[in-house]
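Within every chain, numbering begins at 1; the chains are lettered A, B, ... in the order of the sequence lines, protein sequences first and strands thereafter.
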Amino acid sequence: MIQLQTWDTSLLSLEHGAKRLIFIGDIHGCHDELVTLLAEARYNNRTDQLVFTGNLVSKGPASPAVVDFAIQEHASCVRGNHEDRMMLAYRDLNNRLVADEDRNELTSAPPGPGGPLVNSLNDESFPHGDYIDRKFAKALTTEQASYLAACPVVLDIGHVPGIGHTLAVHAGLVPGVDLENQDPMGIMNMESVDLRTHVPSRDPKGTPWFKLWNAYQSVRPKRERSTVVYGHDAKRGLQLNQYSKGLDTGCVEGGKLTAWMLTIETGQKSSQETFSVKCKDYRGLKGKGKGWDDLPYSPFKEDEHGGKGTGKIRS
Amino acid sequence: MVFRGTWWLPLALVALTCALQCALVLGDADFESVRVLMTKDSSGKAGDPKEKYWHESTFHPHLDGRFIDHDLKYEDQQTNLTSLMQSYLSTMADLGAETWIIHGTLMGWWWNRKIMPWDSDVDVHVSADTMHFLASYYNMTIHTCRTEHAPRGKNYMLEVNPKWVNNSPEDSLNTIDARWIDMLSGVFIDITAVHRTPKRPGMMFCKDDHHYREADLFPLRDSVFEDRPVKIPYNYAELLQQEYGRVSLTRTRFAGHTFNSTSQTWTRNSKS
C-alpha cells in the first residue's frame, strides 16, 4: 500500500496550451455513465488529466471496464475503501499457504486426530466476510491489479494556479498531521473527527472532518493552505467548500456522476466548473451481496450479538 | 515358554498407559513431563478447579509455573516477551498458519509496532481452520528459535487445550484454546480461535466471549510487529476504540508510562 505519492510536475505543464484537471468521485463500476460524462465535458486526453478519487470499483455493473479505461487514459487515482478491501483480498488469494477457503477441492481442512472441524469457513455465503471482494479480486488481470495496487492513499498534486496546494484522497484528512503519519484507514473511511482527540471515525454523527479542515486552513498563512478533493460521502452529495471539494453524488444508487474541472489557463489563474450526468440505479444488481460499507456504522451494541459485551479490558 | 502364563501382561500395560493418558488430559501437560530447569512445580494446579486445563503459576497469572518459580524483572519481561512474539510469528509463518494480533497486543502495534512495556502477556487470534490444523499436527511440539535477545536459541512449546473443540463460552474455565510458551521464562501467548456465530451471518466470536463482525477482521492487513511480518485485523482502529475507548488511541500517559513521540517509545516514569 502506497501512503503518499507526489505528482510529476510535468502533468501540470502548460507547454501545450491550457490544461484541464478532471476530478471524478466514486464511479463504482458505472462505465456507461463515465463515458457519457466525459463526452459531455468534451474530454480530450491530450490536454486533460483525469484524477479518480477512489472507489472506481465494486457495487456497479462494469468495474473491470472502468479500471481498463483508467489504465488506457493514464488516469491518476487514489485508493478508496473498496480498492483497499479488494487489493487485500487479492494479496491474500495470491499468498495463501495452508487453507484456501474458496477452493474446497484443494484443502478444505487437514484430516487428523484434532477433533471434528466445528466451524468450517468453507461455504461461500460469507467466508472471511469478504466474499464479494474475493470474487472480484479473483477475476482481476495482473494489469488491473497492478494499476489498483499503485493508487496511493494520498495523492499530492502540488501547486495548482488559482487554487494553491492540492491533495486528493478518498474520504478525508485530519488537519495538522503529516500526510505520511495519518492513519490510512482513516483517510479512506472517515466521516467525522473527534474534536478532543482528533481521531477520525466512520461515525456520521461527529464533527464532519471537512469542517475542521476548512477552519484550520483559513487560519494558516496563505501559502501553507491546502485544498482536498475527495469522494466517499454520497449522503451529503456535492460539497464544494473553499478548501475541500466532495464529489461523490451517489451514481451507483441512481444519483449522479459528477466531475469537478479545473482549467489552468496561465501560471496564475484557473477556472472551476462542475458537470454531472444522471445515473441508473444499480442497487438491485444480481449477484451483489451486502458489502462492508452497506453496514451502518455502529459502535458495537450489546444486543448485536446477544453476549455479554466487549467492553472488557484485557491486556 | 517362560512368558506363557503372562501373555496378557503387555496388553494390560498398553491399556494402562492409554488409561493414564486419558486421565492426564484433565489438565495441562503435567510438570514431570515437561519440566526443564525447575525441580518444583509452581503451577496453581492444586488450587484450580478440576475442569480447568491451564494452571497459571501461583505467583503471576501470566507466567507458567511449570517453567519458572519467581516473578520476572521489568526488563526481563520485556525482552522475553519480544523474543516470544518473534518466535511465534516466525514459526506460524513457517507452518503457514494464519494468525493475527488482537487486544492489548494490537494496541501496542497501534502505538509503535511493539509490545507495550506494562503488558505481561500477548494475545493472538487464529481462524478455526488454523486451530484445527495446529491441534492435529503440532500439539505439544517444541520449537527452537533464535532471536536478537536469544542468539543461541530458546525453546518454545505449542500446547493446545483439548477442550478447544467445545467452543461454547459457557465453558468459562477453558477460554484459551492454545498457548505458545517460553520454556525458560514461563511467559506465554494466549491463542484463541475465532468461530462463526451460528445463525448470525457476518458475526464471529471467540470462546472468551468477544464478538466481532467478520468484515472488521477480514481481509487481514500486512504489517510489522516487533520487527517481524504480522497480520492485523482489517478495521483495527475501530476494534481498538470499541475495546478500550476513543481516548486510548491518543492518550500518551498510561500505567506509569509516557509515550515519547520523538523516540516513538513508551518510557517508564521515574519515581520522584
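- Atom CG in A/Asp183 sits 8.5 Å away from atom CG in B/Leu249 (nearest 0.5 Å).
- For the atom pair CZ of A/Arg91 and CG of B/Leu220, the computed distance is 11.5 Å after rounding to the nearest 0.5 Å.
- In this structure, the side-chain contact (heavy atoms from CB on, under 4.5 Å) partners of B/Arg113, at least two apart in sequence or on a different chain, are B/Trp109, B/Ser223.
- The neighbour count for B/Gln264 CD, taken as heavy atoms of other residues, nucleotides or ligands under 6.0 Å away, is above 12.
- Rounded to the nearest 0.5 Å, atoms CG (A/Leu88) and NZ (B/Lys231) are 8.5 Å apart.
- For the atom pair B/Arg246 CZ and A/Asp194 CG, the distance stands at 5.0 Å (nearest 0.5 Å).
- Taking each heavy atom of B/Val247 and A/Thr197 in turn, the nearest pair found is CA-CG2, 4.2 Å.
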Walk me through whether B/Glu238 and A/Asn189 qualify under side chain to side chain contact (heavy atoms under 4.5 Å, CB included).
CA-CA 11 Å; B/Glu238 260 180 44; A/Asn189 291 281; over 6 Å; no
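- Counting all heavy atoms, side chain and backbone alike, A/Ala89 lies closest to B/Pro219 at N-CB, 4.1 Å.
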Do B/Asp222 and A/Met1 pass the side chain to side chain contact (heavy atoms under 4.5 Å, CB included) test, and can you show the C-alpha distance, the side-chain angles, and the key distance before you say yes or no?
CA-CA 9 Å; B/Asp222 290 305; A/Met1 186 170 70; over 6 Å; no
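- The side-chain heavy atoms of A/Asp84 and B/Tyr234, taken from C-beta on, include a pair separated by under 4.5 Å.
- Looking at residues two or more places apart in sequence or on another chain, you find a side chain to side chain donor-acceptor pair (under 3.5 Å) between A/Asp233 and A/Arg236.
- The side-chain heavy atoms of A/Asp92 and B/Glu98, taken from C-beta on, include a pair separated by under 4.5 Å.
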